[in-house]
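A short worksheet on the structure shown next.
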Amino acid sequence: MSAVTTMKQNGGIRNIWLTFATITLCMCLATGNAWANDDGNRWFQIKTSLFGDKSILSGEEVLGLESPARAMDAAIVPIAIDSKIEQTPDHYIKSLYLVIDNNPSPVAAVFHFPGKHSWETLSTRVRINAYTDLRAIAELSDGKLYMVNNYVKASGGCSAPSLKDPAAAAAQLGKIKFRLPEEYSHGDLVATQLLIKHPNNSGLQFDQVSRFYIPADFIRTIEVTYNGEEVFTADTDISISEDPSIRFGFTPEETGVLEVHVKDSKGRSFSHSIDLTENSKG
């Protein structure tokens with residue numbers, strides 16, 4: 001039995017990168033970013049942990065990846081992933097992996113799709129700790145893997161302090177909002193933004209008052225449903241920026257309820273829902 005198979009049986013794919021993240025986080029604190037220069041070897045370790053010896057094909061015909069060549073702010077780096085294939089219940093992107101090679105926790109997020117709701121673009125904001133390859137890897141419903149990658153010049157994003165007052169941030173913790181177009185019709189692909197108020201502390205940020213590192217406190221899982229049916233789920237980690245924002249598309253076929261359930265690393269749960277009607281204002 002392979003190591004990857006064993007890890008899946010002991011708690012799912014999330015445990016693979018959480019274990020990997022724990023090891024590399026300790027390496028980061030102990031040795032700084034010396035390991036970040038060995039890009040090829042690090043990607044090989046990440047790939048092996050996630051996919052074992054499965055082949056990854058060029059994803060240029062499957063995915064598009066947009067990211068800045070040099071980030072203005074390493075703690076809030078915008079990225080967008082486009083699907084270039086027509087997704088149907090028989091042929092769709094089952095899982096989408098977002099990997100940042102040289103981050104202490106390299107697997108920023110894994111999105112899972114049921115195949116019922118097609119999507120064209122998915123975007124979010126990430127932290128980048130050092131110059132790195134940023135990768136989007138699609139696992140299709142037939143099991144094949146496809147990858148695209150960009151090189152991003154940014155550093156210090158994982159240890160960058162929050163710009164918000166801690167008390168104000170605590171008061172807004174867990175507040176969630178959906179943003180939708182002012183007008184849309186059922187059957188249309190509706191561009192939607194999910195906004196979550198959460199510090200997403202990485203564990204690498206330093207409190208200048210207490211002189212201690214701020215404990216990691218981040219969103220672990222996100223589940224979005226429409227009328228009780230899954231739109232997507234996501235396993236996320238410390239590489240997602242403060243106050244996570246996710247833009248996605250889905251097709252409401254009828255009047256219903258768009259709902260999100262969020263859990264974080266402290267065991268807290270947050271939920272939010274809205275009723276969608278024809279030409280609703282979200």
Side-chain angles (χ1 to χ4, degrees), residues 63-68 71-73 75-89 92-93 96 98 108-127 136 138 162-164 168-169 171-200 219 221-234 236 240-264 269-282:
L63 296 174
L65 175 61
E66 295 182 16
S67 58
M72 296 291 291
D73 185 341
I76 310 175
V77 181
I79 64 151
I81 303 167
D82 300 324
S83 170
K84 294 185 177 181
I85 62 172
E86 181 181 358
Q87 298 189 62
T88 68
Y92 62 94
I93 296 175
L96 182 67
L98 178 57
V110 184
F111 296 88
H112 306 282
F113 306 95
K116 179 178 176 63
H117 298 279
S118 183
W119 59 274
E120 293 179 354
T121 300
L122 184 76
S123 64
T124 188
R125 304 177 301 208
V126 299
R127 295 182 170 111
S162 172
L163 298 177
K164 293 188 176 182
Q172 293 186 321
L173 178 70
K175 291 185 177 180
I176 301 173
K177 183 177 181 179
F178 283 115
R179 286 181 179 169
L180 292 93
E182 289 189 358
E183 294 185 356
Y184 56 85
S185 298
H186 295 142
D188 291 345
L189 185 65
V190 179
T192 307
Q193 183 179 17
L194 170 63
L195 297 164
I196 306 169
K197 292 292 185 181
H198 199 287
N200 254 32
I219 290 173
T221 62
I222 300 169
E223 179 184 17
V224 177
T225 62
Y226 188 64
N227 284 344
E229 291 189 347
E230 180 183 315
V231 176
F232 74 86
T233 61
T236 61
I240 298 296
S241 295
E242 177 182 4
D243 292 340
S245 167
I246 299 174
R247 295 179 184 269
F248 62 96
F250 81 107
T251 305
E253 299 292 346
E254 58 186 1
T255 298
V257 178
L258 182 64
E259 191 168 6
V260 59
H261 299 279
V262 176
K263 294 182 180 179
D264 69 13
S269 297
F270 314 101
S271 298
H272 178 65
S273 64
I274 57 172
D275 293 323
L276 300 190
T277 58
E278 190 86 5
N279 298 324
S280 170
K281 290 191 176 182

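Everything quoted here is computed from the prediction, not taken from an experiment.
Judged as a side-chain hydrogen bond (donor to acceptor under 3.5 Å, both in side chains), and not counting sequence neighbours, T251 has no contacts. In terms of the side-chain contact (heavy atoms from CB on, under 4.5 Å) criterion, residue partners of K175 (sequence neighbours excluded) are, by chain and number, Q172, K197. In this structure, the side-chain hydrogen bond (donor to acceptor under 3.5 Å, both in side chains) partners of T121, at least two apart in sequence or on a different chain, are D82. For D73, the salt bridge (charged side-chain N to carboxylate O under 4.0 Å, His left out) test picks out no residue, with sequence neighbours left out. Listed by chain and number, the residues in a side-chain contact (heavy atoms from CB on, under 4.5 Å) with E223 are T225, T233, H261 (sequence neighbours excluded). For H272, the ring pair (Phe, Tyr, Trp, His ring centres under 6.0 Å) partners two or more places apart in sequence, or in a different chain, are F178. The side-chain contact (heavy atoms from CB on, under 4.5 Å) check on T88 picks up E86, D90, H91, with sequence neighbours excluded. Q193 pairs by the side-chain hydrogen bond (donor to acceptor under 3.5 Å, both in side chains) definition with S245, R247, not counting sequence neighbours. Here K116 pairs with E229 under the salt bridge (charged side-chain N to carboxylate O under 4.0 Å, His left out) rule; sequence neighbours left out. With sequence neighbours excluded, the residues forming a ring pair (Phe, Tyr, Trp, His ring centres under 6.0 Å) with F248 are F232, listed by chain and number. S162 meets the side-chain hydrogen bond (donor to acceptor under 3.5 Å, both in side chains) test with E242; sequence neighbours excluded. The ring pair (Phe, Tyr, Trp, His ring centres under 6.0 Å) test applied to Y226 returns F250, not counting sequence neighbours.
Side-chain N or O atoms of R125 include one that pairs as donor or acceptor with a backbone N or O of D243 at under 3.5 Å. R127 contributes a side-chain N or O that, together with a main-chain N or O of I240, makes up a donor-acceptor pair within less than 3.5 Å. Side-chain N or O atoms of T236 include one that pairs as donor or acceptor with a backbone N or O of I219 at under 3.5 Å.
Considering only heavy atoms from C-beta on, L258 stays 4.5 Å or farther from P252 through its side chain. Residues V262 and V260 form a side-chain contact, since some pair of their non-hydrogen atoms from C-beta on lies under 4.5 Å apart. T124 has its side chain within reach of I79: a pair of non-hydrogen atoms, C-beta onward, lies under 4.5 Å apart.
The distance from the CG atom of N200 to the OG atom of S241 is 8.0 Å, given to the nearest 0.5 Å. Atom CZ of R179 is separated from atom CD1 of I274 by 12.0 Å, given to the nearest 0.5 angstrom. To the nearest 0.5 Å, atoms CD1 (I81) and CD (E120) are separated by 14.5 Å. For the atom pair CZ (F111) and CD1 (I246), the distance works out to 4.5 Å, reported to the nearest 0.5 Å.
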Practice task
List the steps and the verdict of side chain to side chain contact (heavy atoms under 4.5 Å, CB included) for V190 and L276.
Solution key: CA-CA 11 Å; V190 179; L276 300 190; over 6 Å; no
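Judged purely by distance below 3.5 Å, without hydrogens or angles, the side chains of H198 and D264 pair a donor atom with an acceptor atom.
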